Amino acid sequence: GIGFLTVPASLLVAALQSVILGGAEGGEAGGLRVLVAALLAFLVLGTSILFVLAATTHALAEIDRGAEVGVGDAYRLALARWRPLLGAFVVASVVVGLLTVTVVLSPLAVVAILLFAFFVPVIAFEDASAVASLRRSASLVRHRIVKTALLLATSILVAGALGPLLGTILILLTGAPFPLANVVAGVTYAVLMPYVGLTVAYLYFDARIRSELARDEVRVADVLPAEI
């Protein structure tokens, strides 16, 4: 399926973590290894999920046009916009990461994640640059913030938490090595992440249409008094 990319990404993360954490000792050296392993997991899995979402979005666009599209076609369309996709992903990750450094600013990190939620469909449908896509996403989300938060949180919670949860349960019950949790997570992401992409696309179009309708109403309100 279109979410297959997360499976090899998860296998790569599992292999890297086995190498980095294998024989790790306590203390500062051990803590540094854990930090490096976590950062690599975020970058590899995060990038794979990013392109799954982008491919899903492009596939939806092609289907809406009545065109036939396969998994390879969807990924080719997504990779054609790899620069703004990765740029927006990196900028958003840095902003959210900085906000999570302190407990006081952590709620703002959640707000930032929500405001940046539409950058993938904005890049796909509006051909925006990295920074412009984040700005456009924020402008769309703020008009539909409650609906976006509820639907997005539900879909991400199911897709993002189910895999690691199943992996953790498997480790506890069987004593399997820790990297196995990433493999289980990758398989789960492969199945569920395309549905997250569809949810984001639906929310994007809902917010975009309502924003355009509101703008048209303002224009009519500005014109009618002068005509009268």
Side-chain angles (χ1 to χ4, degrees), residues 1-26 29-60 69-90 92-94 96-97 100 113 117 119-120 123-124 152 155-201:
I2 201 167
F4 79 94
L5 189 61
T6 59
V7 177
S10 299
L11 292 173
L12 177 59
V13 168
L16 290 173
Q17 287 185 338
S18 295
V19 173
I20 295 172
L21 299 178
E25 300 177 356
L32 181 60
R33 287 190 178 190
V34 172
L35 181 61
V36 171
L39 181 60
L40 286 175
F42 171 76
L43 291 176
V44 175
L45 281 176
T47 302
S48 68
I49 290 172
L50 171 68
F51 282 101
V52 168
L53 296 178
T56 302
T57 303
H58 282 286
L60 179 63
V69 59
V71 173
D73 298 323
Y75 274 99
R76 277 192 290 274
L77 290 169
L79 288 172
R81 302 290 293 153
W82 69 270
R83 287 186 178 87
L85 283 170
L86 286 180
F89 174 69
V90 170
S93 298
V94 169
V96 173
T100 55
I113 292 172
F119 79 83
V120 171
I123 291 172
L152 198 59
S155 62
I156 291 177
L157 183 63
V158 172
L162 185 60
L165 179 61
L166 292 176
T168 302
I169 292 174
L170 185 62
I171 290 172
L172 293 176
L173 293 179
T174 65
F178 175 74
L180 181 63
N182 288 320
V183 178
V184 175
V187 175
T188 307
Y189 293 153
V191 176
L192 297 179
M193 276 302 163
Y195 294 100
V196 176
L198 293 176
T199 301
V200 173

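Note that the structure is a prediction, hence the values are computed from the model and not measured.
In this structure Arg76 satisfies the salt bridge (Lys or Arg N to Asp or Glu O under 4.0 Å) test together with Asp73, sequence neighbours excluded. Under the rule for a side chain to side chain contact (heavy atoms under 4.5 Å, CB included), the partners of Val196 that lie at least two apart in sequence or sit in another chain are Leu53, Ser155, Ile156, Ala159, Met193, Val200. Under the rule for a ring pair (Phe, Tyr, Trp, His ring centres under 6.0 Å), Phe51 has no partner lying at least two apart in sequence or in another chain. When the side chain to side chain contact (heavy atoms under 4.5 Å, CB included) test is applied to Val36, the partners found at least two apart in sequence or on another chain are Ile20, Leu32, Leu40. Here Ala201 pairs with Leu60 under the side chain to side chain contact (heavy atoms under 4.5 Å, CB included) rule; sequence neighbours left out.
Of all heavy-atom pairs spanning Ala54 and Ala78, the tightest one is CB-CB, 3.7 Å. The two residues Thr56 and Pro194 make their nearest non-hydrogen contact at CG2-O, 3.4 Å. In terms of heavy-atom proximity, Ala9 sits nearest to Val44 at O-CG1, 3.7 Å. When all heavy atoms of Ala74 and Val69 are compared, the pair lying nearest together is N-CG2, 3.9 Å. In terms of heavy-atom proximity, Ala190 sits nearest to Val7 at CB-CG2, 3.8 Å.
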Check residues 83-90 and write down every donor-acceptor pair under 3.5 Å in which the side-chain atom is one partner and the other belongs to a residue at least two apart or another chain.
none

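The main-chain N or O of Ile2 is found under 3.5 Å from a side-chain atom of Tyr75 such that the two form a donor-acceptor pair.
Within a 6.0 Å sphere centred on CZ of Phe42, other residues, nucleotides and ligands contribute more than 12 heavy atoms.
From Leu45, atom CG reaches atom CG of Leu12 across 9.0 Å, with rounding to the nearest 0.5 Å.
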